[in-house]
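For ligands, and for the atoms within them, numbers begin at 1 and follow the listed sequence. All values below come from the heavy atoms of this structure, side chains included, with hydrogens, waters and symmetry mates left out.
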Amino acid sequence: MSKLRLAIIGAGPAGIYAADLLIKSELRDFDVSIDLFDLLPAPYGLVRYGVAPDHPRIKGIIRALYEVLDRGDIRFFGNVEYGKDITLEDLKQHYNAVIFATGAIRDANLNIPGIGLDGSYGAADFVNWYDAHPDFPATWPLNAKEIAVIGNGNVALDVARVLAKLPEDMLSTDIPAHVYEGLKASPVTDVHVFGRRGPAQVKFTPLELREACHIEGVDTIVYDEDFQYDEGSQEAIDSNNQTRVMVNTLEQLREEKQSGGKRRLHLHFMSAPVEVLGENGKVVGLKIERTKLDGHGGAVPTGEFREYPVQAVYRAVGYFGSELDQIPFDSKAGVIPNDGGRVLDQSGNQIPGVYATGWIKRGPVGLIGHTKSDALETIGHVIGDRSLWWSPANPEESAVEDLLSQRGIEVIDWKAWLRIDEKERSLGEAQGRERIKLYERSEFMAAAK
Ligand SMILES: Cc1cc2nc3c(=O)[nH]c(=O)nc-3n(C[C@H](O)[C@H](O)[C@H](O)COP(=O)(O)OP(=O)(O)OC[C@H]3O[C@@H](n4cnc5c(N)ncnc54)[C@H](O)[C@@H]3O)c2cc1C
């Protein structure tokens, strides 16, 4: 066989890195032809639809991903959903193998009473709204003055920052008008972030934490009673530079005077959420149980409870992958069961021709850069498994285009994406911004033509 025809499902960083690394791999002694599919009319996955709009430096990774796709040796098929527009059977007819890089877009569950009340939201849904994901509603109920955010990772900080930030400070970003108008109408005064453990156990990264401590017009407040350190904390502080930096940042915050800003961001530690409180079906508060450290950096309950009056609760307790048609799924971990990227059936045997990479392979943790090492491992197996590849009946590059066209699917190819990209840039330019995102699928389709 002289050529590998490879389908990659998901044009987020994991899918794009996998394609790029395979093309550049020195282990490869065969030609390769890669088609990259995404259900969205836009590439870049969570870099476009997860990373916060006010993080232009991270969004800048899009430039590197753009350069990979713009080389012309990877074909982009946007607006094509695996499981609906194209099936596993179709892929077997047209390709030698498939890599699933479908990431995660939903919130993990948090099973506490009241979590289903009106006013209790998943962070992922809010992120999808402010990042203008075309498959999520255009409106978001921002009517709470006091808000609780549950979680001590970067997504919790993103959500809290976007909620607390003065809307005019979001105007330089790529958010479309409906998102700006929504944020502008928010009456919020206080955003409370709750974490179960102490300052030495937070899962933030230093840059995000520092940013949360210095939001224009917002006072960030910490509480002395939350500053608990045990032996486990001390070990972490001594051995881990990142922990040390974060503890220092939080300790400095203890000393800072408040400026009397219009809005406040409260960082609470040693507080485990136990119930979302409601009245008439609506959120009216969050009940937490105070915790204490167990000596090893873990937290145990103390039996002391507190209630915070809030009118909205956002849970930022992790993302979760979605099951794909005809592909095994681990419903506990939210991933495709795999061994280093080789997808496994229920008995733990490798399914020939089927691979996974990125968040759907490893779970929704880690930064964009981690998807690169992930991809390297997976493509190593694709190359090594040559004897297990499928033998497609229609491997010609035109065959899959014909199939999608017969099905009436309006594919957004790379040229069409460049027209959409241009449209977003020109919308931005008119307002002195780098770009303004399109939102409706119909807008994408119109700009693509
Ligand atoms: C809110 C948030 C903020 C973040 N901020 C940062 C940050 O500041 N810095 C950082 O380094 N990392 C950040 N991350 C992490 C980063 O986004 C992930 O590490 C990375 O995007 C995972 O890449 P992926 O390609 O596996 O998945 P994704 O980026 O989710 O890409 C998966 C792609 O697959 C597509 N897809 C899914 N199902 C199908 C289907 N059935 N058919 C076709 N296509 C499909 C999706 O549309 C999507 O485009 C953040 C994550 C979140 C959630």
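- Here the closest non-hydrogen pair linking Val68 and Asp73 is O-OD1, 4.2 Å.
- Under a 4.0 angstrom heavy-atom cut-off, Ile16 registers as lying outside contact with ligand 1.
- Summary of contacts: the protein heavy atom closest to atom 6 (C) of ligand 1 is Val51 CG2, 3.6 Å.
- Near Tyr82, the atoms of ligand 1 lying under 4.0 angstrom from a non-hydrogen atom of the residue are 40 (C), 41 (N), 42 (N), 43 (C).
- Considering backbone and side-chain atoms together, Ala11 places no N or O closer than 3.5 Å to any N or O of ligand 1.
- Around atom CD of Glu216, no more than 12 heavy atoms belonging to other residues, nucleotides or ligands sit under 6.0 Å away.
- There is a protein heavy atom closer than 4.0 angstrom to atom 16 (C) of ligand 1.
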- Task: Check the pair Arg161 / Asp54 against salt bridge (Lys or Arg N to Asp or Glu O under 4.0 Å), numbers first and verdict last.
- Result: CA-CA 10 Å; Arg161 192 183 64 254; Asp54 58 344; 2.8 Å; yes

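- Judged by distance alone, the side chains of Asp385 and Gln350 do bring a donor and an acceptor atom under 3.5 Å apart.
- At a heavy-atom cutoff of 4.0 Å, ligand 1 is contacted by the backbone of Ala101 but not by its side chain.
- Heavy atoms of Ile360 found under 4.0 angstrom from ligand 1: none, in either backbone or side chain.
- Close approach of ligand 1 to Thr371 (heavy-atom distance below 4.0 Å) involves ligand atoms 22 (C), 23 (O).
- Remark: ligand 1 atoms within the under-4.0 Å shell around heavy atoms of Gly358 are 26 (O).
- Listed by number with element, the atoms of ligand 1 under 4.0 Å from a non-hydrogen atom of Ile368 are 10 (C), 11 (O), 12 (N), 16 (C), 19 (O).
- The shortest N/O to N/O separation between Thr357 and ligand 1 does not fall below 3.5 Å.
- One finds no salt bridge joining Glu323 and Arg106 here, because no Lys/Arg side-chain nitrogen approaches an Asp/Glu carboxylate oxygen to under 4.0 Å.
- Residue-to-ligand polar distances place Trp359 within reach of ligand 1: an N/O pair is separated by less than 3.5 Å.
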- Go through the steps for Arg362 and Asp374 under the test salt bridge (Lys or Arg N to Asp or Glu O under 4.0 Å), then give the verdict. CA-CA 8 Å; Arg362 160 171 63 77; Asp374 243 6; 2.9 Å; yes

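- Other residues, nucleotides and ligands contribute at most 12 non-hydrogen atoms within 6.0 Å of the CD atom of Glu429.
- For Gln431, the side-chain hydrogen bond (donor to acceptor under 3.5 Å, both in side chains) partners at least two apart in sequence or on another chain are Arg433.
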- So Asp174 and Arg435, salt bridge (Lys or Arg N to Asp or Glu O under 4.0 Å) or not? Walk me through it. CA-CA 5 Å; Asp174 62 12; Arg435 134 186 343 261; 5.3 Å; no

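- Contact record, Phe204 with Leu209: CD1-CD1, 3.8 Å, taken as the closest heavy-atom pair.
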- Between Trp140 and Phe126, is a ring pair (Phe, Tyr, Trp, His ring centres under 6.0 Å) present by the stated rule, with each step listed? CA-CA 8 Å; Trp140 187 265; Phe126 181 52; 5.5 Å; yes

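- Contacts with ligand 1 closer than 4.0 Å are made by no heavy atom of Ala123, backbone or side chain.
- Of all atoms in ligand 1, numbered sequentially from 1 with element shown, those under 4.0 Å from a heavy atom of Asp158 are 3 (C).
- In this structure, the side chains of Asp135 and Leu40 come closer than 4.5 Å at one or more pairs of heavy atoms.
- In terms of N/O distances under 3.5 Å, ligand 1 is approached by Ala14.
- The distance criterion of under 3.5 Å between nitrogen or oxygen atoms is not met by Glu81 with respect to ligand 1.
- Nearest non-hydrogen protein atom to atom 47 (O) of ligand 1 is Asp38 OD1, 2.8 Å.
- Phe100 has its side chain out of reach of Ile8: every pair of non-hydrogen atoms, C-beta onward, lies at least 4.5 Å apart.
- The contact set between ligand 1 and Gly10, taken as ligand atoms under 4.0 Å from a residue heavy atom, comprises 33 (C), 34 (O), 35 (C).
- From the protein, the heavy atom lying nearest to atom 21 (O) of ligand 1 is Leu46 CB, 3.3 Å.
- Residue contacts with ligand 1 do not include Gly83, since none of its heavy atoms lies under 4.0 Å from the ligand.
- Any N or O atom pair closer than 3.5 Å counts here, and Leu39 shares at least one such pair with ligand 1.
- Distances below 4.0 Å separate heavy atoms of Gly50 from the following atoms of ligand 1: 1 (C), 2 (C), 3 (C).
- Of all the atoms in ligand 1, the ones that sit under 4.0 Å from a non-hydrogen atom of Gly366 are 15 (C), 19 (O).
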